[in-house]
4 protein chains.
Amino acid sequence: MKAEQKRRQELIAATIREIGAEGTLNVTVSQIAKRAGVSPGLAFHYFGDKEQLFLATMRSILRTYGVLIRANLVGKTEPVERLTAILETNFSPSQFEDGAVAAWLNFYVLAQTSPEAQRLLALYHRRFHSNLVYSLRPLAGDAAHGIAERLGGLVDGLYLRFALNRSHVDPGPAVAQVLKALEVELSALDG
Amino acid sequence: MKAEQKRRQELIAATIREIGAEGTLNVTVSQIAKRAGVSPGLAFHYFGDKEQLFLATMRSILRTYGVLIRANLVGKTEPVERLTAILETNFSPSQFEDGAVAAWLNFYVLAQTSPEAQRLLALYHRRFHSNLVYSLRPLAGDAAHGIAERLGGLVDGLYLRFALNRSHVDPGPAVAQVLKALEVELSALDG
Amino acid sequence: MKAEQKRRQELIAATIREIGAEGTLNVTVSQIAKRAGVSPGLAFHYFGDKEQLFLATMRSILRTYGVLIRANLVGKTEPVERLTAILETNFSPSQFEDGAVAAWLNFYVLAQTSPEAQRLLALYHRRFHSNLVYSLRPLAGDAAHGIAERLGGLVDGLYLRFALNRSHVDPGPAVAQVLKALEVELSALDG
Amino acid sequence: MKAEQKRRQELIAATIREIGAEGTLNVTVSQIAKRAGVSPGLAFHYFGDKEQLFLATMRSILRTYGVLIRANLVGKTEPVERLTAILETNFSPSQFEDGAVAAWLNFYVLAQTSPEAQRLLALYHRRFHSNLVYSLRPLAGDAAHGIAERLGGLVDGLYLRFALNRSHVDPGPAVAQVLKALEVELSALDG
DNA sequence: AATGAATGAGCCTTCATTCAT
DNA sequence: AATGAATGAAGGCTCATTCAT
């Protein structure tokens, strides 16, 4: 059982790396298995088929993201401090490592046709939104919802643009823009 | 020659529809050709290979978008009026028809590995940015650049979220959020 | 279209030979295609999948058998003469050539799970039965039906036993037994 | 050792049921093992490979049939009584239970390529024939051999037709035909 | 220009078999 | 004895691409 978890993790990690290397979900299970150092058959033994492997990978990425968010929020109680942590997490190095970018882009594509991928993505959006609203409410009251939607959209859009622009290496400016947007939104409240 | 142009257009239109139907670039050239009412061989005759067909399709989409933007700007001289037109164009019905959403998502994916797709996407981003800055400058001066980046990112992010959420049918709220962001940015300038 | 018919025939013939060579339906489409001198893809192009190829083969075998029966009945009007012709046809060389035996045995197996194979087999049984009854009626009246059932069963059983016994080479004795059974049945009527 | 016999029997029973469920010898050893409640490895441990398992299954079926025949003959001394018992046994419920039909059909197929299966089938035919001849001799003298061959063939053929016709549920009519054939053969002797 | 028959490489998946425990 | 994880060869099927017509 212990070994099984390890194998699964290895296969998922290999999947991310392979998707990253190819940029596409058009990677063969054999390639993934080879990268994980196991036989192709094993991937099917554990995941049933290719799509399940992809979905498990997506779940893993979202889970990792969730863990990271919670870790970054530990001990932070001030709303702005918390908002900053949430927004920054989306641009932390782990979100760009290996094949994370390619995985995200391809999961967007997958979400169009896979109900489960759709569900996972919706869940992620909901949680992200809740996190933002929770900390925005004390600062913005009823405006919190709208602001959260805009910040959420901005994060996704800038992540996308940053990820697609190979000339960028440092996500710093992207984060700065998001934080600036937060500042602008908050300052507009007082106006 | 006239006929050739027509054939090409039909193949490109068929490509968009087919990508839309599948949600993926995993569509067969034969299916595309059948949809266009021609033989598979003809697609290769005109476009060389599958990737060229996709790139031609992407070019076509971006061209159409450019034409639309210019059309919507005709006769508009007020900066805010122009900005509104630019931002709204991104959520106009044509951006969601047929396979437009699927095409966009997949071109993001393609841009990771295809230099030409990358180039086309960068060009689109640059033009979009210039358009915004041009109209923002009179209102925001040096802040125009930053605002344009945020608005551009927001548009992409909200388009993405809207497109992936099958429960939404009317992009109205998304547009409203973008315009609200514009309003917020401008009001923050006076603060 | 002409060429297509030819290809199909070649593939079906190759299928029979290959099933004959292996004794089983566990032959690969690639083997069949190679035997037919075409690429594996072509078999799928024409027949869709392996099962359709098998069913087409079964149809072909039954059609050939039907043609043979009709040919052997031409000009024969005497009931006994016709009955003899019908019964002998089942043991004619063509029923043992190539992979005919293996094909028959395996189609029995296939008929358990494939509705279409079941249907084809039932059709064959019905026709065979009708043919016998038609010529038996003048000789045996109401007993024709029962006699036909017994003769039909005997033909199938002896064909099976003969086909499975590799030490036999000449189906003569089997035919003799069937004709003897006919004689016995007819003589019993007068008793 | 006692346990080993039990395991073997369970595996053989599972093989029959699995062949019956699939209609084919295309059943996986893993499925058989699961049905028998043991690990796949055990099947190989006991039987060596898949074909040996099939042959052991065939032997088991033939042995069971032999036991049944002998049981049904106990206390019967009259030739006609014995013949009836022999012929009826072939259509007794046990010959249609579980996967018996599928097993028989597939063993016919297997007999084409497996010498051992061929041998087992020939042995069964010989014993069946001997049984019939033994009881026919007192009634038919030298004609016994021919009659036995015809009755044997008829049994096989009608079993085959009955087994493949899913619309039949009661083998009664088939048995009646076989017994009628016996009657006809005997009555013809006196002619 | 245009067709569409034909190819064949490649992929997902299955499964008999092995082997460390 | 027994397990079941793991392998890897093989097969059905797809599809980009070619080419004779």
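The analysis underlying the following values was restricted to heavy atoms, covering all of them including side chains, and did not include hydrogens, waters or symmetry mates. Order of the sequence lines fixes the chain letters, A, B, ..., with proteins taken first and strands second; residue numbering starts at 1 for each chain.
For A/Tyr46, the side-chain atoms get nearest to F/dA6 when compared with the rest of F/dA6, E/dA1, F/dA1.
No side-chain donor-acceptor contact under 3.5 Å links B/Ser114 to the backbone of B/Leu110. The backbone N or O of D/Gln112 sits nowhere less than 3.5 Å from a side-chain atom of D/Gln118 that would complete a donor-acceptor pair. In this structure, the side chain of B/Asn106 engages the main chain of B/Gly23 through a donor-acceptor pair within 3.5 Å. Proximity of a side-chain donor or acceptor of C/Arg35 to a complementary backbone N or O of C/Thr15 within less than 3.5 Å is not detected. The closest donor-acceptor contact from the side chain of A/Lys50 to the backbone of A/Thr28 lies at 3.5 Å or more, if one exists at all. Judged by distance alone, the side chain of B/Asp49 and the main-chain N or O of B/Glu51 form a donor-acceptor pair under 3.5 Å.
In this structure, C/Glu51 atom CD and F/dG11 atom C1' are separated by 16 Å, rounded to whole Å. Between the CG atom of A/Leu11 and the C1' atom of E/dC12 there is a distance of 15 Å, given to the nearest Å. For C/Glu4 and E/dA5, the CD to C1' distance is 10 Å, given to the nearest whole Å. Rounded to an integer number of Å, the gap from C/Lys6 NZ to E/dA6 C1' is 14 Å. Distance, A/Lys50 NZ to E/dT14 C1': 17 Å, rounded to whole Å.
At least one cation-pi condition fails for D/Arg7 and D/Tyr46: the charged atom is not both under 6.0 angstrom from the six-membered ring centre and inside a 45 degree cone around its axis.
Proximity of A/Arg7 to the phosphate of F/dA6: a side-chain N or O atom is located under 4.0 Å from OP1 or OP2.
Counting any heavy atom pair closer than 4.0 Å across all strands shown, C/Phe47 reaches no nucleic acid atom.
Residues from residues 20-45 of chain A that place a heavy atom under 4.0 Å from any atom of DNA chain F, listed by number: A/Val38, A/Ser39, A/Gly41, A/Leu42, A/His45.
Ring centers of D/Tyr124 and D/Trp104: under 6.0 Å apart, within the cut-off.
A salt bridge does not link A/Glu22 to A/Arg17: none of the charged side-chain nitrogens sits closer than 4.0 Å to a carboxylate oxygen.
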How does DNA chain F read in dot-bracket, base by base from 5' to 3', with Watson-Crick or G-U pairs under 3.5 Å and | used when the partner is on another strand?
.||||||||||||||||||||
